[in-house]
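Comments concern the structure below.
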Protein chains: 2
Amino acid sequence: MAARASSKTSESSDKVSVICRALRRAIIEQALEPGAKLPEDALGERFGVSRTIARHALGQLAAEGLVELRRNRIAVVATPSWQEARDAFDIRIELERLVVRQLAGKLTKAQIAELNAHVDAEDRARGGTDAVSIRLATEFHILLAHMTNSPILVRYISEVAYRCCLTLSLYSRPHSSECAINEHRAIIAALAKGDAAKVMELMHHHLDSVANRALVAPTPQRGRDLLDILAPYADEVTSDRVVKLSKIARRG
Amino acid sequence: MAARASSKTSESSDKVSVICRALRRAIIEQALEPGAKLPEDALGERFGVSRTIARHALGQLAAEGLVELRRNRIAVVATPSWQEARDAFDIRIELERLVVRQLAGKLTKAQIAELNAHVDAEDRARGGTDAVSIRLATEFHILLAHMTNSPILVRYISEVAYRCCLTLSLYSRPHSSECAINEHRAIIAALAKGDAAKVMELMHHHLDSVANRALVAPTPQRGRDLLDILAPYADEVTSDRVVKLSKIARRG
DNA sequence: GGCGCTCCAAATGCATGCAGTTTGATGTCC
DNA sequence: GGACATCAAACTGCATGCATTTGGAGCGCC
């Protein structure tokens, strides 16, 4: 399956696609945090296009689950629930097991070199920001998916991986990417060796550990609550009284 | 996992969404065959909306893989390659195994009754057209996915199942739905019994046999007038601007 | 201070208009 | 007859304009 006619599925150079890519990257790098407003006007102005185009782009991103769109409301960056995050990881595990099953023992030397080069890049980026590390780690998985030459698989893996990125920014503590990198190397080695069962197990464990490390279950109602989020800002309140819950709770 | 807060992911009542649903159904029922042209003008006229809306709907369907969109070209119903068909089935098998794994032993009596009722409906529809049989069979799987209460899973299963529908119309000969119905009943029984391994095996075999039965020689397609084809689907669109069939010039 | 009300700037939902590209039908030449 | 140049109709890409809806500032009342 590793030698298959390559099919062009990637986005063309529409203005819509360009904006989609830009927004997608901004979201997964957490430049745009979950809940951030995305007014059509502002996007259009920022990217030098009309509202029509910005609107269309938002529609696409909503289809990917990165943006939430409610009628007559300003679009916002999606804020997946903890349960949705788990669901996304569950799906991702199955799909990525499929990927490595298809690839085991079928990679060319050039492809293995490409994978190693990517992990090297991840290594070099360890000193940088978490956002970049996470993005590179995610792109490693997408690179793997590409090697199956299955456009559908690429699309689903990309989408679900981006969603996982999004949830990491919500529910994860500072990212320790070191072991992830080692696990990536182990996966490449097992792929090269052609041990399908082994590499499926490795991938499963890899994603499962990322998920478990990341998705520290918030206590159902209090974790990552608005009050916690606003705690650092409480200092700015001149009054010594606690800010009323009712005033905050209706933030859309 | 079977008892989880239900989350509203389904499409709202935008005009865009309405048109998406209509077109999606027309495609999976093979009223619109793969390769059929979908000019924005004609769609807008047929559904009583502007080109802007029709265009947006086409964009969504393209994101789902049901429509192919090339710059400056008329949109067409997607014509998946044989390989893409296999890929779609591979992915579907993994995802649906995940579904039944989550559901095994966790269904309520009401849910089991609902599933049985659906299969009864499939049974009754055996006398009807293949298109309806295939749609009902597909909807059985989507119904299962819904019971996981995982919106992401529902979306992916729906999408990939629709794509499979599409490929069935391309590569499959008249559908013998009898065994599929029996297999659906067996799956329900195993789910109720709570035997996860068994039901995963059943689902795997079920989808695999459908896929293998499907992969035969492609069938040539006959051109029909788009507006005629869409007539029954336009009725569901509530707009006084829907143009009467007789008043519309023919198009190719 | 808290709660409800009115009203308006801002944002969305959608249609329409114009410019540029593709299509394919026609005419011309070999 | 068939290959090729030509051109108008058809279609898409995109911006803009108007109607409708939202959300929140301001204000009076408890």
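Order of the sequence lines sets the chain letters (A, B, ...), proteins ahead of strands, with each chain counted from 1.
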Could you state the [atom1]-[atom2] distance from [X] to [N], rounded to the nearest angstrom?
X: B:Arg73; N: C:dT23; atom1: CZ; atom2: C1'; result: 9 Å
X: A:Leu43; N: C:dA10; atom1: CG; atom2: C1'; result: 15 Å
X: A:Asn72; N: C:dT12; atom1: CG; atom2: C1'; result: 6 Å
X: B:Arg70; N: C:dT21; atom1: CZ; atom2: P; result: 17 Å
X: B:Leu58; N: D:dT12; atom1: CG; atom2: C1'; result: 11 Å
X: B:His56; N: C:dG13; atom1: NE2; atom2: C1'; result: 11 Å
X: A:Glu40; N: C:dC14; atom1: CD; atom2: C1'; result: 11 Å
X: B:Leu69; N: D:dG13; atom1: CG; atom2: C1'; result: 12 Å

Identify every side-chain donor-acceptor pair in residues 138-145 of chain B under 3.5 Å, counting partners at least two apart or on other chains, and give the distances.
| unit_1 | atom_1 | unit_2 | atom_2 | d |
| --- | --- | --- | --- | --- |
| B:Thr138 | OG1 | B:Ile134 | O | 2.9 |
| B:Glu139 | OE2 | B:Arg135 | NH1 | 3.1 |
| B:His141 | ND1 | B:Glu96 | OE1 | 2.8 |
| B:His141 | ND1 | B:Glu96 | OE2 | 3.2 |
| B:His141 | NE2 | B:His184 | NE2 | 3.2 |
| B:His141 | NE2 | B:His206 | NE2 | 3.2 |

#### Entry: Residues forming a side-chain contact (heavy atoms from CB on, under 4.5 Å) with B:Leu153, sequence neighbours excluded
A:Ile91, B:Leu95, B:Leu98, B:Val99, B:Gln102, B:Thr148, B:Ser150, B:Ile157
### With sequence neighbours excluded, residues passing side chain to side chain donor-acceptor pair (under 3.5 Å) with A:Tyr156
B:Glu159
## Note on the structure
Hits for side chain to side chain donor-acceptor pair (under 3.5 Å) against A:Arg25, two or more places apart or cross-chain, chain-then-number order -> A:Glu29
### Task
Return the nearest nucleotide to the side chain of A:Asp41; candidates are C:dC14, D:dT12, C:dT12.
C:dT12
#### Entry: Nearest-nucleotide pick for B:Pro39, side chain only, options being C:dT12, D:dT12, C:dG13
D:dT12
## Note on the structure
Quick note, ring pair (Phe, Tyr, Trp, His ring centres under 6.0 Å) partners involving residues 16-48 of chain A, not counting sequence neighbours, are none
#### Entry: Test side chain to side chain contact (heavy atoms under 4.5 Å, CB included) applied to B:Val77 and B:Leu23, B:Leu32, B:Leu66, the passing residue
B:Leu32
Can you name the atoms? Protein N/O to nucleotides 15-18 of chain D N/O, anything below 3.5 Å, with the distance.
| unit_1 | atom_1 | unit_2 | atom_2 | d |
| --- | --- | --- | --- | --- |
| D:dA15 | OP1 | A:Ser50 | N | 3.3 |
| D:dA15 | OP2 | A:Ser50 | N | 2.8 |
| D:dA15 | OP2 | A:Ser50 | OG | 2.6 |
| D:dA15 | N7 | A:Thr52 | OG1 | 3.3 |
| D:dT16 | O4 | A:Thr52 | OG1 | 2.9 |
| D:dG17 | O6 | A:Arg51 | NH2 | 3.2 |

### Task
State whether B:Arg71 places a side-chain N or O below 4.0 Å from either non-bridging phosphate oxygen (OP1 or OP2) of C:dT22.
no
#### Entry: Residue whose nearest DNA chain D nucleotide is more 5′ - B:Arg55 or A:Lys37
B:Arg55
### Message
Is the shortest side-chain heavy-atom distance between B:Arg21 and B:Val18 below 4.5 Å?
### Response
yes
